[in-house]
Amino acid sequence: MISSFLECFQKIWLSDLLLFAEHTYSEPRKWMRGKGRVNIQFGCCYNYAMDKDGNLPGILQNVIADPIPHLFKVIIRRLIRWHVLPATCIPDSCIVNIYEPGDCIPPHIDSHDFVRPFCTVSFLSECNILFGSNLKVAGAGEFTGSVAIPLPVGSVLVLNGNGADVAKHCVPAVPTKRISITFRKMDENKQPVGFKPETDLQNIQPLPYDSEAKKLPHQDWNKQPAVESKSFKKGKKSKGRSAGIKPEQHLYDSQPHPYDPSMSMNRSPLRVMDDQPAMASNASERRRNFVGRSTESKPKPDLQDIQFHQDDADDLTNRSVQRGRHEEEHDNLESSKDYGGRRVRMEQRRIIISRNMEAEEEALPVGAFESELAEKGMREPQQEQERQEGICAGKLGERDPTFLTM
Ligand SMILES: O=C(O)CCC(=O)C(=O)O
Ligand SMILES: [Fe+2]
């Protein structure tokens, strides 16, 4: 009896192990240039296509995946605290895509086994992501699409609404190694059997807005954004569509933002200024030459409503800290563009947060942090802290990670 129980247990355990190996890590076959990428999953195992056991695409119900690593949890906490994702969508699973040169992700819409919004953080090198309802394969790892958005290192792309559910997206063959991490919350009905939510990912609270920042609008995740354009130039404000930019012209090729203290053209490509021509920079040149750039120029009626936010990151708590220094310089970081006939709204936000916050945040119980924050304000980043936090948290905590919200 006992031995058969053990045998049974061992079988289940072994089969889980096998399933681990089979489902949580996958890599493209060598001949599949331009067709794949290494893929590691945490929190759940997502089946992209029906597998040889007949499992349908979707979250595998009978597979226990590796838990989300600590550093990823740090990122998740920040995503919620900084209002990048709503507290109703705390990610409980993530996918790491490791792209070697030539690797890509083909056009797809992320499974509805995961709730919206969800987001992807980019590391190692910048690449373009294409969006469109009619993305076409132009060759191995080459696609054409309606809209190309550069994803700088450290940027966060948030997908929601039509951007997540109507338009497909793809990453054409990357020129240099790149890693992305996609953070998603499972639909509660789609969680694997026996799934236990991580206790340290519960009850993460968005940072409160301070009294000054309270005057600024909160992000309402249930509301489609209004089509209103405000220039970053002081005093200028325009409603409705602004002058069109050519589809080949990237949304973010623009001038440095006046209030970025660490501005360099390479590091801050994400600036949207009304009616500004694209500016040459290494990053934008790279994008222009990039194989995956947007090539469709005709408007697509079904994409008219897609709205891009570009949230160059700041939760309002931090914006309020910045405002003391920069209030003169900016009005509101929102703009709206016609993009080849598509109505595109972008928000550009920044977070400048001391990396020290991380250590404090980890040490403090939830709730304690908020009051501490008001007293301490923001401090300059510290090298040692950066070293300790490593690339993921470092980038997310560094100066102004870019938040692109769709
Ligand atoms: O690598 C990226 O930026 C996109 C990844 C993606 O679309 C996905 O994992 O579903
Ligand atoms: Fe995706």
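We count ligands from 1, going down the list as the structure has it; atoms in each ligand are counted the same way.
If you look at the Fe ion (ligand 2), the protein N, O or S atoms less than 2.8 Å from it are His108 NE2, Asp110 OD1, His169 NE2.
A distance of 5.5 Å separates CD in Gln191 from CE in Met186, rounded to the nearest 0.5 Å. For the atom pair CG (Leu85) and CD1 (Ile80), the distance works out to 5.0 Å, reported to the nearest 0.5 Å.
Of the possible polar contacts, one joining the Ser125 side chain to the Lys177 backbone as a donor-acceptor pair under 3.5 Å is found. Looking at Asp113, its side chain does come within 3.5 Å of a backbone N or O of Ile59 through a donor-acceptor pair.
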- prompt: Given Leu135 and Leu130, is the side chain to side chain contact (heavy atoms under 4.5 Å, CB included) satisfied, shown in steps?
  reply: CA-CA 8 Å; Leu135 297 177; Leu130 303 189; 4.2 Å; yes
Derivation of the side chain to side chain contact (heavy atoms under 4.5 Å, CB included) call for Phe131 and Cys170: CA-CA 7 Å; Phe131 283 89; Cys170 66; over 6 Å; no
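Under 4.0 Å from any atom of ligand 1, one finds heavy atoms of residues Asn97, Tyr99, Ile105, His108, Asp110, Thr120, Leu151, His169, Val171, Arg178, Ser180, Thr182.
Under the 6.0 Å distance and 45° angle rule, Arg77 does not count as a cation-pi partner of Phe72.
A side-chain contact (heavy atoms from CB on, under 4.5 Å) with Gln41 is found for exactly one of Thr182, Val96, Ile95, namely Ile95.
In the model, His112 has a side-chain atom that pairs as donor or acceptor with a side-chain atom of Asp165 under 3.5 Å.
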